[in-house]
There are 2 protein chains.
Amino acid sequence: MDAPLDTAESWLAARGEKLTELRREVLSLLLASHGPVKAYDLLAALQKQRPGASPPTVYRTLDFLVAAGIVHRIDSLQAFVVCPSFHDAHHGVLLVCERCHGVEEIDNPPWMETLRSALATGGFAMSRHELEIKGLCRNCQEIAA
Amino acid sequence: MDAPLDTAESWLAARGEKLTELRREVLSLLLASHGPVKAYDLLAALQKQRPGASPPTVYRTLDFLVAAGIVHRIDSLQAFVVCPSFHDAHHGVLLVCERCHGVEEIDNPPWMETLRSALATGGFAMSRHELEIKGLCRNCQEIAA
DNA sequence: GTGAAGATGTAATGTTATTACATTAAGGGC
DNA sequence: GCCCTTAATGTAATAACATTACATCTTCAC
């Protein structure tokens, strides 16, 4: 049993999409990393099991997984991370540590609606996509102190 | 009189730094664009008046201006924009339109402290840098509707 | 005027991402 | 089953974004 992959498969099936062998391999590699992965690092890993893999191979697959909400792209790191809770529509917030580059995701925080409506008052419609916030994680704050 | 450039010059002087001719040219080009500019577009513009300009020329200058708080880098666009209010320390929020790629900056919104303290409770120290939020600007919402 | 630090010039290269087109696989109607 | 359409992947080339390393020039304190 591989729970996350099975969850992804059902999630995609509900959208009328498939978790193909390639997508499964890419998602497995992302899951194995426990953190953000750069596209070309992912490509290098993928090539070990799929020698013909090339940039379009990974970028297409990542685009698909991102569009499906299974993976997020971290703009500030130019990297990709598996969403820990893609079981339902959610407004995830990605807390990106500027020191260790770790990413923590919090799901539907209580202040999200406040923020959204404050921005809406100003005429800006916040995206349903992820919100990325930079800072220092707990561990790195202690090190820096 | 060129107010924004003079303001930048004083701002830098207060930090013990200088607005050199190169920096002034780059900042002028950024100001003239009224929106985010990509580094290589800036380079192309700069080369018209400074033929020897190369990637390090623009990236070094942009790094300097970003460090000084005069310019922000928009991670989601991989572009750079002049900060409209670099007169004091501020926690700017950059509202990035996903459709037209325009950027609006709001300065120290009232909800910022709430957000910061909510994240601090969770152990995350939000950066003093800019917060970037993606969505649709007023104009693009109307077009989409 | 000389030495240190800052700023810029220059060449090369590294990293991230896309385009364009060919080929193969999967599913529906008959 | 066969044909057709669409989705998925393969493959080659290139575009777009950014950095390294080192040379040269400028500034300014002394």
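Below, chains carry the letters A, B, ... as their sequence lines are ordered, and counting in each starts from 1. No hydrogens, no waters, no symmetry mates; every other heavy atom, side chains included, goes into these values.
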### B:Leu46 CG to C:dT10 C1', straight-line distance once rounded to whole Å
15 Å
### Query
Between atom CZ in B:Arg15 and atom C1' in C:dG6, what is the gap in whole Å?
15 Å
### Query
Rounded to the nearest 0.5 Å, what separation is found between the CG atom of B:Leu29 and the CZ atom of B:Phe80?
14.0 Å
### Query
Taking atom P of C:dA25 as reference, at what distance in whole Å does atom CZ of A:Arg23 sit?
15 Å
### Message
Using the six-membered base ring of C:dT18, report whether A:Tyr59 stacks on it, requiring centroids under 5.5 Å and planes under 30° apart.
### Response
no
### Task
Counting heavy atoms from C-beta on, name the nucleotide in C:dA17, D:dT27, D:dA8 closest to the side chain of B:Lys18.
D:dT27
### Query
Under 4.0 Å between a side-chain N or O of B:Arg50 and OP1 or OP2 of C:dT8?
no
#### Entry: Phosphate OP1/OP2 of D:dC17: any B:Arg73 side-chain N/O under 4.0 Å
no
### B:Arg24 side chain near C:dA7 phosphate (N/O to OP1/OP2, under 4.0 Å)
no
### B:Leu12 CG to C:dA7 P, straight-line distance once rounded to whole Å
10 Å
### Query
Is B:Arg23 close enough and on-axis enough to B:Phe64, meaning under 6.0 Å and within 45°, for cation-pi?
yes
## Note on the structure
With the side chain defined as heavy atoms from C-beta on, B:Gln78 is closest, among C:dT18, D:dA18, D:dG10, to D:dA18
### Donor-acceptor pair present, B:Arg60 side chain and C:dG6 base, under 3.5 Å
no
## Note on the structure
Rounded to whole Å, OH of B:Tyr40 lies from C1' of C:dG14 at a distance of 11 Å
#### Entry: d(CG, B:Leu77; C1', C:dT16) in whole Å
16 Å
#### Entry: Protein-nucleotide distance (B:Lys38, atom NZ; D:dA18, atom P), rounded to Å
7 Å
### Query
Does A:Thr20 make a side-chain N or O approach to OP1 or OP2 of D:dT9 shorter than 4.0 Å?
yes
### Query
So A:Arg24 and A:Glu9, salt bridge (Lys or Arg N to Asp or Glu O under 4.0 Å) or not? Walk me through it.
CA-CA 9 Å; A:Arg24 180 176 288 267; A:Glu9 188 156 29; 2.8 Å; yes
### Task
Could you go through the side chain to side chain donor-acceptor pair (under 3.5 Å) check for A:Ser76 and A:Glu132 one step at a time?
CA-CA 8 Å; A:Ser76 59; A:Glu132 192 177 322; 2.6 Å; yes
### Query
Rounded to whole angstroms, how far apart are CG on B:Asp63 and P on D:dT20?
10 Å
### Summary
Ranking D:dA12, D:dT19, C:dT10 by distance to the side chain of A:Pro56, first place goes to D:dA12
### Task
Measure the spacing between CZ of B:Arg50 and CD of B:Glu25 and express it to the nearest 0.5 Å.
4.5 Å
